[in-house]
Undergrad: 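Sharing a structure here in C-alpha cells format.
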Amino acid sequence: MDEPLSPTPIKGALQSTIPIEPIQLQGWVRTRRDSKDFSFIELNDGSCLRNLQIIAKNTLPNYAALQRLTTGASISVRGALVASQGKGQKWEVVADKIDIVGGADDTYPLQKKGHTPEFLREIAHLRPRSNLFGCVFRVRSRLAFAIHQFFQERGFVYVHTPIVTGSDCEGAGELFRVTTIDCDYTKDFFARQTYLTVSGQLEAEAFALALSRVYTFGPTFRAENSNTSRHASEFWMIEPEMAFCDLNGNMDLAEEIVKYLITDVRKCCPEEMELFAKFVDKELLARLDFVVERAFQRISYSDAVDLLRKSGEKFEFPIDYGLNLQSEHERWLTEKHFKCPVTVFDYPKEIKPFYMRLNDDGKTVAAIDLLVPGIGEIVGGSQREERLDMLEENMRGHKMDPADYKWYLDLRRYGTVPHSGFGLGFERMLMFITGVSNIRDVIPFARTPGSAEF
RNA sequence: UCCAGCGUAGCUCAGUGGUAGAGCGGUCGGCUGUUAACCGAUUGGUCGUAGGUUCGAAUCCUACCGCUGGAGCCA
C-alpha cells in the first residue's frame with residue numbers, strides 16, 4: 001500500500017512555495033488540539049524552530065488513538081501540504097495516514113509552556129526537544145561550522161593537537177589525570193604521568209612554525225573547582241596560532257573572528273536569533289549589531305589602570321599596577337565606560353604565563369585579553385616568546401625546568417620566528433551570541449564540579 | 001573553594017509554630033479551523049536528606065546534598 005516516499009524535513013515543508021502531494025513527515029508531537037471533526041497536531045522534527053500543523057480528520061481509521069496523542073509522542077505522517085485555512089501559518093498538512101511510532105505517557109516532563117532553564121537542565125536528555133534548547137543547539141552547530149569556515153577561507157590549517165598530554169605546566173590551572181593504575185607512573189599505560197589537555201597551544205606552536213597559520217578546535221579539560229555560570233570542566237576552545245605575526249596581528253584576528261561569527265549566525269539562524277531576542281535577552285540583537293559595526297576598543301593594561309583609578313567609581317577591590325584586573329574592573333571597562341568589546345594588552349609579566357613575549361620595557365609581556373559585555377573574558381592570547389634565552393629565563397622565573405621542555409625550546413633553536421595566537425572559548429562565544437547566561441545551557445551534557453550525569 | 005539566597009504536587013509558586021494550598025499540566029466531559037484555545041469536573045504531596053528543639057515543625061536549630069547570584073581561577 002505505502003509506496004516508498006522519502007520524508008521531508010519540516011523546515012523544507014514550511015519553506016515550500018507550492019503545495020506538495022503526497023508528502024511524508026516525521027517528528028514529535030509538541031501539542032494537540034481537538035476540533036469538532038478533526039484534531040490539530042503541532043509537529044516538530046528539530047529541523048527548525050517552527051512546528052508544522054497537521055490536520056487529522058476523524059475519518060482516519062486510528063482517530064481514537066490519535067486523539068490520545070500527547071506531547072512528546074513520535075509519529076509518521078503522510079498527507080498533502082496545502083495552504084492553511086487558519087491564521088498564523090502559511091502551510092498545513094492534511095493527513096491521510098498517521099502512524100504512531102512511539103507514544104509518550106503523562107509522565108513526559110515537558111509541557112507546552114514555561115519551563116525554567118534550571119529545570120530543563122535536570123532533563124538534559126529531553127531538553128533539546130524544547131524551543132529554547134533546540135535553538136541553542138542548532139546555533140551551536142552553525143557556530144562550529146562558521147569557525148572552520150572562517151579559518152579555512154583564510155588559509156589556516158586545522159591541527160588536531162593531543163587530548164592526552166604530558167605537559168603538566170601550561171599555566172592554565174588544574175589538570176585531570178589520565179591513568180590505568182594507582183601509583184607507579186613509570187609502569188602506567190604511557191610510561192609517564194599524563195593528563196587531559198588544558199590547551200593545545202604548545203603543540204599548535206610547533207605546527208605554526210611549519211604550516212604558518214594553524215588553528216585547533218577541540219575539547220579542553222580543567223579540573224578547577226570553579227562554580228560559576230561561565231566555567232565548565234569540559235569545554236571547547238579555538239586556538240589559532242600564526243607564524244610571522246605580532247601582537248597587533250593577533251588583536252586584528254581576534255576582532256575579525258568575533259565579528260565574523262556574529263555576522264554568520266545572524267544571517268544563517270534568523271529564527272533562532274529572534275527567539276533569543278524575544279525570550280532570553282531583549283537587547284541582544286542591538287548589542288550584536290553594535291559589536292559588528294564598531295571598532296573594538298584597544299587599551300594597554302597601564303592605561304586601563306589609570307582609567308579605572310580616575311573613574312570615580314567605588315570598586316570593592318583595589319586597582320594598582322601589578323594587580324590583576326578584577327571582574328568588576330573588566331565589567332566597568334566594557335559595560336560602563338566603552339560599552340563595547342575591549343582588548344586590553346601589555347600586562348605585567350608577573351601575572352602572566354612563561355610563554356608570553358617580554359616587551360622592550362622589561363616589565364610587561366605582549367598579552368591580550370578580549371573582554372565583552374556580559375561575559376567578561378572571551379579571548380586570552382599573546383605574542384609568544386620566540387627568543388631562546390629569554391624563554392629559558394622566563395621558565396626559570398616561573399620555577400620551571402627548561403630541560404622538561406626540550407621539544408618546545410627546539411622550536412626556538414631551529415628557525416624561530418615571531419608568532420602569536422589566542423584561545424577563544426567556544427561556549428563563551430555561543431553565550432555571547434545567544435544571550436544565554438549560563439554555560440551549562442549551551443553544552444549538550446555539561447560537566448561541572450560534582451556533576452557528570454548523562 | 002569563599003559569601004549570600006533558595007529547595008513545598010509533573011512545572012511555577014503561596015503558606016513563617018497548630019487540619020498541605022493555588023495556577024498551569026495530566027485525566028474525564030462539553031464546545032470549537034484551533035494557535036500557550038476556551039468552559040466544567042477531577043487527579044495530584046516522604047514539604048531536598050539526616051539529626052535536633054517543641055505537646056506539636058513545611059515553618060525554629062545543626063550538618064550534608066543540590067540549585068541560583070556574586071567572588072577567585074580562567075576560555
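Just so it is clear: chains get the letters A, B, ... in the order the sequence lines come, proteins before strands, and each one is counted from 1.
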Undergrad: Under 4.0 Å between any heavy atoms, over every strand shown, what does A:I439 touch: base, sugar-phosphate, or nothing? Just pick one.
TA: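 Base, at least one base heavy atom under 4.0 Å.
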Undergrad: Measure from CZ on A:R30 to C1' on B:rA37 and round the result to the nearest Å.
TA: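 Result: 18 Å.
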Undergrad: Applying side chain to side chain donor-acceptor pair (under 3.5 Å) as the test, list every pair that has at least one member in residues 444-454 of chain A; sequence neighbours left out.
TA: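 Sorted result for residues 444-454 of chain A: empty, none.
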Undergrad: Answer yes or no: is there an ion pair linking A:E274 with A:K278, defined by an N-O contact shorter than 4.0 Å?
TA: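 Result for this pair is no, no salt bridge flagged.
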Undergrad: Can you tell me how far P of B:rA71 sits from CZ of A:F315, to the nearest Å?
TA: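 Between P of B:rA71 and CZ of A:F315: 13 Å.
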Undergrad: Searching all strands shown, indicate the nucleotide that pairs with B:rA41 (Watson-Crick or G-U wobble; both distances under 3.5 Å).
TA: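 Partner of B:rA41: B:rU27.
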Undergrad: Taking the side chain of A:R428 as its heavy atoms from C-beta onward, which of B:rC67, B:rA75, B:rG70 lies nearest to it?
TA: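 Nearest to the side-chain atoms of A:R428, counting from C-beta on, is B:rA75.
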Undergrad: Taking a pair as Watson-Crick or G-U wobble with both distances under 3.5 Å, which nucleotide is matched to B:rU46?
TA: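 Per the H-bond distance test, none.
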Undergrad: Write down the protein N/O and nucleotide N/O pairs, taken from nucleotides 2-4 of chain B, whose separation is under 3.5 Å; answer none if there are no such pairs.
TA:
none

Undergrad: If pairing requires Watson-Crick or G-U wobble contacts with both distances under 3.5 Å, which nucleotide is the partner of B:rA14?
TA: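 With both distances under 3.5 Å required, B:rA14 matches none.
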Undergrad: Got a sec, which residues hit side chain to side chain contact (heavy atoms under 4.5 Å, CB included) with A:K336, two or more places apart in sequence or on another chain?
TA: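 With sequence neighbours excluded, A:K336 shows a side chain to side chain contact (heavy atoms under 4.5 Å, CB included) to A:E313, A:W332, given in chain and number order.
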Undergrad: Could you write out each protein N or O paired with an N or O of nucleotides 40-48 of chain B at a distance under 3.5 Å?
TA:
none

Undergrad: For the C1' atoms, the ones on B:rU35 and on B:rG40, what distance do you get once it is rounded to whole angstrom?
TA: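 Per the computed distance, 22 Å lies between those C1' atoms.
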Undergrad: Report yes or no: is the cationic atom of A:R154 (NZ for Lys, CZ for Arg) closer than 6.0 Å to the six-membered ring centre of A:F150, at no more than 45° off its axis?
TA: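 Satisfied, under 6.0 Å and within 45°.
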Undergrad: Tell me, do A:C340 and A:Q297 make a side-chain contact under 4.5 Å, heavy atoms counted?
TA: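 Side chain of A:C340 against side chain of A:Q297, heavy atoms only: contact under 4.5 Å found.
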Undergrad: For nucleotides B:rG51 and B:rC11, find the distance between their P atoms and express it as a whole number of Å.
TA: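 My reading of the P atoms in B:rG51 and B:rC11 gives 25 Å.
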Undergrad: Considering only heavy atoms, which members of residues 440-449 of chain A lie under 4.0 Å from some atom of RNA chain B?
TA: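 When residues 440-449 of chain A is checked for heavy atoms under 4.0 Å from RNA chain B, the hits, listed by number, are A:R440.
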Undergrad: Looking at A:D320 and A:R309, is there a salt bridge between them, counting it only when a charged N and a carboxylate O are closer than 4.0 Å?
TA: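 Judged by the 4.0 Å cut-off on N to carboxylate O distance, A:R309 and A:D320 do form a salt bridge.
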Undergrad: Counting the atoms with a prime plus P, OP1 and OP2 as sugar-phosphate, which does A:L424 contact under 4.0 Å by heavy atoms, base, sugar-phosphate, or nothing?
TA: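 The residue A:L424 makes no contact with any strand.
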Undergrad: Quick check, does A:F426 stack with B:rA75? I mean ring centres under 5.5 Å and planes off by under 30°.
TA: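 No, aromatic ring not over the base.
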Undergrad: Both distances below 3.5 Å, Watson-Crick or wobble geometry, any strand: find the nucleotide opposite B:rU19.
TA: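 Across all strands, not a single nucleotide pairs with B:rU19.
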Undergrad: Could you state the interatomic distance from CD1 (A:I257) to CD1 (A:I262), rounded to the nearest 0.5 Å?
TA: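 So the CD1 of A:I257 and the CD1 of A:I262 are separated by 11.0 Å.
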Undergrad: Return the residues of residues 335-350 of chain A meeting this criterion: a heavy atom under 4.0 Å from some atom of RNA chain B. Order them by number, or give none.
TA: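 None - not one residue of the stretch has a heavy atom sitting under 4.0 Å from the strand.
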Undergrad: Please give the distance between the P atoms of B:rG7 and B:rU49 as a whole number of Å.
TA: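 So the two P atoms sit 13 Å from each other.
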Undergrad: Starting at CG of A:N51 and ending at C1' of B:rA36, how long is that distance when rounded to a whole Å?
TA: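 In whole Å, B:rA36 C1' lies 12 Å from A:N51 CG.
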Undergrad: Rounded to the Å, how far apart are A:N225 CG and B:rA71 C1'?
TA: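 It works out to 13 Å between those atoms.
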Undergrad: Who are the side chain to side chain contact (heavy atoms under 4.5 Å, CB included) partners of A:I163, not counting sequence neighbours?
TA: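 Result, side chain to side chain contact (heavy atoms under 4.5 Å, CB included) vs A:I163: A:L196, A:P219, A:F221.
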Undergrad: Enumerate the side chain to side chain donor-acceptor pair (under 3.5 Å) contacts for residues 36-51 of chain A, please, sequence neighbours excluded, ordered by first and then second residue.
TA: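 Passing the test, one end in residues 36-51 of chain A: A:R32-A:S39, A:R33-A:E42, A:D34-A:S39, A:E42-A:N51, A:N44-A:N51, A:D45-A:S47, A:R50-A:E271.
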Undergrad: For A:K90, look at atom NZ and say whether over 12 heavy atoms of other residues, nucleotides or ligands are found less than 6.0 Å away.
TA: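 Counting other residues, nucleotides and ligands, NZ of A:K90 exceeds 12 neighbours.
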Undergrad: Could you measure between the two C1' atoms, the one in B:rU16 and the one in B:rU27, and give it in whole Å?
TA: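 Pairwise C1' distance, B:rU16 against B:rU27, rounds to 35 Å.
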Undergrad: Please list, chain by chain and in numerical order, all residues satisfying side chain to side chain contact (heavy atoms under 4.5 Å, CB included) with A:F207, sequence neighbours excluded.
TA: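 Applying side chain to side chain contact (heavy atoms under 4.5 Å, CB included) to A:F207 gives A:V159, A:L211, A:V214.
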Undergrad: Output the single nucleotide from B:rC73, B:rA71, B:rG69 whose closest atom is nearest the side chain of A:N438.
TA: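 The closest nucleotide is B:rG69.
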Undergrad: If we call it a pair only when both distances are under 3.5 Å in a Watson-Crick or G-U wobble match, what pairs with B:rG5?
TA: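 Partner of B:rG5: B:rC67.
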Undergrad: When rounded to the nearest 0.5 angstrom, what distance separates CD in A:E21 from CG in A:D96?
TA: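 Answer for the CD-CG pair, A:E21 versus A:D96, is 7.0 Å.
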Undergrad: With hydrogens left out and only the distance checked, is there a donor-acceptor pair under 3.5 Å joining A:S226's side chain and the base of B:rC74?
TA: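 Donor-acceptor pair under 3.5 Å: no.
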Undergrad: Between A:L126 (CG) and B:rC11 (P), how many Å, whole number?
TA: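 It works out to 13 Å between those atoms.
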Undergrad: Atom pairs under 3.5 Å, N or O on each side, protein against nucleotides 12-14 of chain B: can you list them with distances?
TA:
residue : atom : partner : partner atom : Å
B:rU12  : OP1  : A:T116  : OG1          : 3.2

Undergrad: Find which nucleotide of RNA chain B each of A:G450 and A:F235 is nearest to by heavy atoms, and output the residue with the more 5' nucleotide.
TA: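 Closest to the 5' end, via its nearest nucleotide, is A:G450.
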Undergrad: For the C1' atoms, the ones on B:rU32 and on B:rC39, what distance do you get once it is rounded to whole angstrom?
TA: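 Result for the C1' pair: 11 Å, nearest Å.
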Undergrad: Do A:E283 and A:R287 sit within salt-bridge range, that is, some charged N less than 4.0 Å from a carboxylate O?
TA: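 A:R287 and A:E283: not salt-bridged.
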Undergrad: List the residues meeting side chain to side chain contact (heavy atoms under 4.5 Å, CB included) with A:T220, not counting sequence neighbours, and say none if there are none.
TA: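 Side chain to side chain contact (heavy atoms under 4.5 Å, CB included) check on A:T220 returns A:R222, A:F235, A:M237.
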Undergrad: When the distance from NZ of A:K90 to C1' of B:rU35 is rounded to whole Å, what number comes out?
TA: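 Value for this atom pair: 19 Å.
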Undergrad: For the pair A:F217 and A:Y158, evaluate ring pair (Phe, Tyr, Trp, His ring centres under 6.0 Å) and give the outcome as yes or no after the intermediate values.
TA: CA-CA 8 Å; A:F217 179 23; A:Y158 181 29; 7.2 Å; no
Undergrad: Testing A:V379, A:T334, A:L424 one by one against A:L370 for a side-chain contact (heavy atoms from CB on, under 4.5 Å), which residue passes?
TA: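 Between A:L370 and the candidates, side-chain contact (heavy atoms from CB on, under 4.5 Å) is satisfied uniquely by A:V379.
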Undergrad: Heavy atoms, side chains only, cut-off 4.5 Å: are A:W28 and A:R129 in contact?
TA: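 The answer is yes; the side chains approach within 4.5 Å.
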Undergrad: Treating primed atoms plus P, OP1 and OP2 as sugar-phosphate and everything else as base, which nucleotides of nucleotides 24-34 of chain B get B, S or - for protein heavy atoms under 4.0 Å?
TA: SSSS----BBB
Undergrad: What's the gap between B:rC47 and B:rU8 when it is taken at their C1' atoms, as a whole Å value?
TA: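 These two C1' atoms come out 4 Å apart once rounded.
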Undergrad: CG of A:D369 versus C1' of B:rC73: gap in Å, rounded?
TA: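 These atoms are roughly 13 Å apart.
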Undergrad: Any non-hydrogen side-chain atom of A:I443 less than 4.5 Å from a side-chain atom of A:W236?
TA: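 Contact flag for A:I443/A:W236 side chains = no.
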Undergrad: Are any non-hydrogen side-chain atoms of A:L60 and A:I98 less than 4.5 angstrom apart?
TA: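 The answer is yes; the side chains approach within 4.5 Å.
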Undergrad: How far does the C1' atom of B:rG44 sit from the matching atom of B:rG26, given to the nearest Å?
TA: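 About 9 Å, rounded to a whole number of Å.
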Undergrad: Ignoring backbone atoms, test whether A:S327 places a side-chain nitrogen or oxygen under 4.0 Å from the OP1 or OP2 oxygen of B:rG72.
TA: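 A:S327 to B:rG72 OP1/OP2: side-chain N or O found under 4.0 Å.
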Undergrad: Could you tell me how far B:rU59 sits from B:rA14 if I compare only their C1' atoms? Round to whole Å.
TA: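 Result for the C1' pair: 13 Å, nearest Å.
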Undergrad: Check this for me: A:K57, atom NZ, are more than 12 non-hydrogen atoms of other residues, nucleotides or ligands nearer than 6.0 Å?
TA: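 At most 12 heavy atoms, drawn from other residues, nucleotides or ligands, come within 6.0 Å of this atom.
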Undergrad: With the side chain counted from C-beta on, respond yes when A:L288 and A:F432 share a heavy-atom pair under 4.5 Å apart, and no when they do not.
TA: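 Side-chain contact under 4.5 Å: yes.
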Undergrad: To the nearest Å, give me how far apart CD (A:E122) and C1' (B:rC67) are.
TA: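 To the nearest whole Å, that distance equals 8 Å.
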